[in-house]
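Please read through the structure below; I'll follow up with questions.
Here the structure is a predicted model, which is why all the values come from computation and not from measurement.
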Amino acid sequence: MKDFLSLKKDLSKEGKPSQATALQRFFKTGPGQYGEGDIFIGIKVPVLRTLSKQYSTLPLNDLKKLIHSKIHEERMIALFILRHNFEKSKTEIERKKIIDFYLKYRKGINNWDLVDTSVPYILGPWLKDKDRSILYKFARSKNLWERRIAVLATFHFIKNNDYKDALALAEILLNDTHDLLHKAVGWMLREIGKRDLSAEEQFLKKHASQMPRTMLRYAIEKFQEEKRKGYLRCHSPA
């Protein structure tokens, strides 16, 4: 029977201590780091994806327990289940129920992989034809993960050739102090450039010299070498 207790047993069985140690280093779980205190049991993402499909019928009350868990992989599988059910849902009512849950318990979305594997596939599609003011609220949040949620939600818009909010949020976050936001904004600018190079370059022409260097490097990663060097030369180091 695919219930909460059997999922916990399956997760425990799949965990690998040696892998957990490596993951805790990779996701910066030490004192003062962005993932401080996060606990890994050592399960690879493909395994979690497979399990999430097997347990996609778990009720929201069980997903609430998972999203509140101290164990990273339990929070991730909750998000994979939400994503699976959102993509399979047939009605606006079903999708809104998932969105309401997702936003209410977003404190559990507290590392970059949890944001990146869920936001562009849940919140982004939901906001495609709706008011997006919540993204501007998140972009100005003191919480790092809410700011990253704001940026990554625009990935869905970008894929649909809608760049307005991605560019506006990038401008708001130009002076953000966190490396994970520099990478996220640069990544979205690069994605815009893949589809409309002039839109990206118009932004860079205005802001490249003041952008954090990591943000700029991510944004111009796919440019030809000479063009890339030109942008880096004009950059004013922070």
Side-chain angles (χ1 to χ4, degrees), residues 22-23 25-28 33-35 44-46 49 83 109 111-129 132-141 143-238:
L23 288 169
R25 283 197 302 269
F26 182 74
F27 285 98
K28 309 294 184 186
Q33 296 181 310
Y34 63 73
K44 292 185 176 180
V45 167
R49 288 186 191 279
R83 173 178 164 180
I109 310 170
N111 215 314
W112 61 263
D113 61 326
L114 302 177
V115 174
D116 296 7
T117 57
S118 63
V119 172
Y121 309 98
I122 299 176
L123 187 59
W126 173 256
L127 294 176
K128 182 182 176 184
D129 56 356
R132 301 174 185 177
S133 58
I134 191 171
L135 300 184
Y136 292 83
K137 177 184 175 183
F138 284 176
R140 294 181 172 91
S141 170
N143 182 283
L144 165 64
W145 308 118
E146 289 189 350
R147 301 200 304 278
R148 190 164 174 115
I149 284 170
V151 176
L152 265 293
T154 68
F155 199 0
H156 182 79
F157 313 153
I158 292 167
K159 288 177 181 177
N160 288 276
N161 301 312
D162 177 0
Y163 315 129
K164 180 180 176 181
D165 293 290
L167 293 169
L169 292 170
E171 197 162 16
I172 290 169
L173 292 163
L174 274 176
N175 297 314
D176 198 281
T177 58
H178 206 290
D179 185 64
L180 286 175
L181 263 296
H182 301 169
K183 292 175 179 177
V185 171
W187 174 18
M188 292 304 103
L189 290 172
R190 186 174 73 237
E191 291 297 330
I192 291 171
K194 287 180 183 178
R195 297 159 176 84
D196 186 341
L197 185 58
S198 65
E200 181 187 7
E201 291 211 80
Q202 187 175 350
F203 183 91
L204 293 175
K205 188 179 294 184
K206 184 177 179 182
H207 298 295
S209 62
Q210 288 82 40
M211 289 168 69
R213 198 166 183 84
T214 297
M215 187 186 293
L216 179 61
R217 283 188 175 277
Y218 269 62
I220 63 176
E221 185 180 307
K222 300 299 182 182
F223 285 11
Q224 291 183 350
E225 186 176 0
E226 282 307 309
K227 183 185 283 190
R228 192 170 65 250
K229 286 180 177 178
Y231 275 109
L232 292 172
R233 278 194 298 269
C234 81
H235 181 261
S236 302

Partner of Ile122 under side-chain contact (heavy atoms from CB on, under 4.5 Å), chosen from Ser118, Pro120, Pro125: Ser118

Nearest heavy atoms of Gly124 and Phe157, plus distance in Å: O-CE2, 3.3 Å

Any Met211 side-chain heavy atom under 4.5 Å of Leu189 side chain: yes

Residues, nucleotides or ligands: over 12 heavy atoms within 6.0 Å of Asn175 CG: no

Between CZ on residue Arg49 and OG1 on residue Thr117, distance to nearest 0.5 Å: 6.5 Å

Separation between CH2 of Trp145 and CG of Leu180, rounded to the nearest 0.5 Å: 5.0 Å

Heavy-atom closest contact (Leu167 atom, Phe203 atom, distance): O-CE1, 3.6 Å

Set of residues satisfying side chain to side chain contact (heavy atoms under 4.5 Å, CB included) with respect to Asp113, sequence neighbours excluded: Phe27, His72, Met76, Asn111

Any donor-acceptor N/O pair, Arg228 side chain to Phe223 backbone, under 3.5 Å: yes

Any residue meeting side chain to side chain donor-acceptor pair (under 3.5 Å) with Asn161, in chain and number order, not counting sequence neighbours: Tyr163

Gap separating the CD1 atom of Ile158 from the CD1 atom of Ile192, nearest 0.5 angstrom: 4.5 Å

NZ/Lys137: more than 12 non-hydrogen atoms of other groups inside 6.0 Å: no

Side-chain heavy-atom pair Ile220, Leu232 within 4.5 angstrom cut-off: yes

Within-4.5 Å side-chain heavy-atom neighbours: Leu216 and Leu204: yes

Non-hydrogen side-chain atoms of Asn143 and Phe138 separated by less than 4.5 Å: no

Thr154 and Glu191: CA distance, side-chain angles, deciding distance, side chain to side chain contact (heavy atoms under 4.5 Å, CB included) verdict: CA-CA 10 Å; Thr154 68; Glu191 291 297 330; over 6 Å; no

Sub-4.5 Å side-chain heavy-atom contact between Lys194 and Glu200: no

Salt bridge Asp116-Lys183, side-chain N to carboxylate O under 4.0 Å: no

Arg213 vs Arg217 side-chain heavy atoms within contact, under 4.5 Å: yes

Candidate pair Asp162 and Arg132, rule salt bridge (Lys or Arg N to Asp or Glu O under 4.0 Å), full reasoning: CA-CA 13 Å; Asp162 177 0; Arg132 301 174 185 177; 2.9 Å; yes

Where Phe26 and Tyr34 come nearest, the two heavy atoms and their spacing: O-OH, 3.8 Å

Audit row: Tyr136, Asp165, side chain to side chain contact (heavy atoms under 4.5 Å, CB included) steps and yes/no: CA-CA 9 Å; Tyr136 292 83; Asp165 293 290; 2.5 Å; yes

Full working for side chain to side chain contact (heavy atoms under 4.5 Å, CB included) between Leu152 and Met188: CA-CA 8 Å; Leu152 265 293; Met188 292 304 103; 4.1 Å; yes

Backbone of Asp176 reached by a side-chain donor or acceptor of His182 within 3.5 Å: yes

Nearest-0.5 Å distance, CZ of residue Arg140 to CG of residue Leu135: 11.5 Å

Stacked cation flag Lys227 on Tyr231, 6.0 angstrom / 45 deg: no

Backbone N/O of Leu181 and side chain of Arg148: donor-acceptor pair under 3.5 Å: no

Any side-chain heavy-atom pair of Val185 and Tyr218 under 4.5 Å: no

Distance, nearest 0.5 Å, that separates CG of Leu127 from NE2 of His156: 9.5 Å

Salt-bridge present (Glu201, Lys205; N to O < 4.0 Å): no

Side chain to side chain, Glu146 and Ile109, heavy atoms closer than 4.5 Å: no

Which atom of Leu169 lies closest to which atom of Ala139, heavy atoms considered: CD2-CB, 3.6 Å

Main-chain N/O of Lys222 paired with Arg190 side-chain donor or acceptor, under 3.5 Å: no

Distance, nearest 0.5 Å, that separates CD of Gln202 from CG of Leu197: 11.5 Å

Over 12 non-hydrogen atoms of neighbours within 6.0 angstrom of CD in Gln33: yes

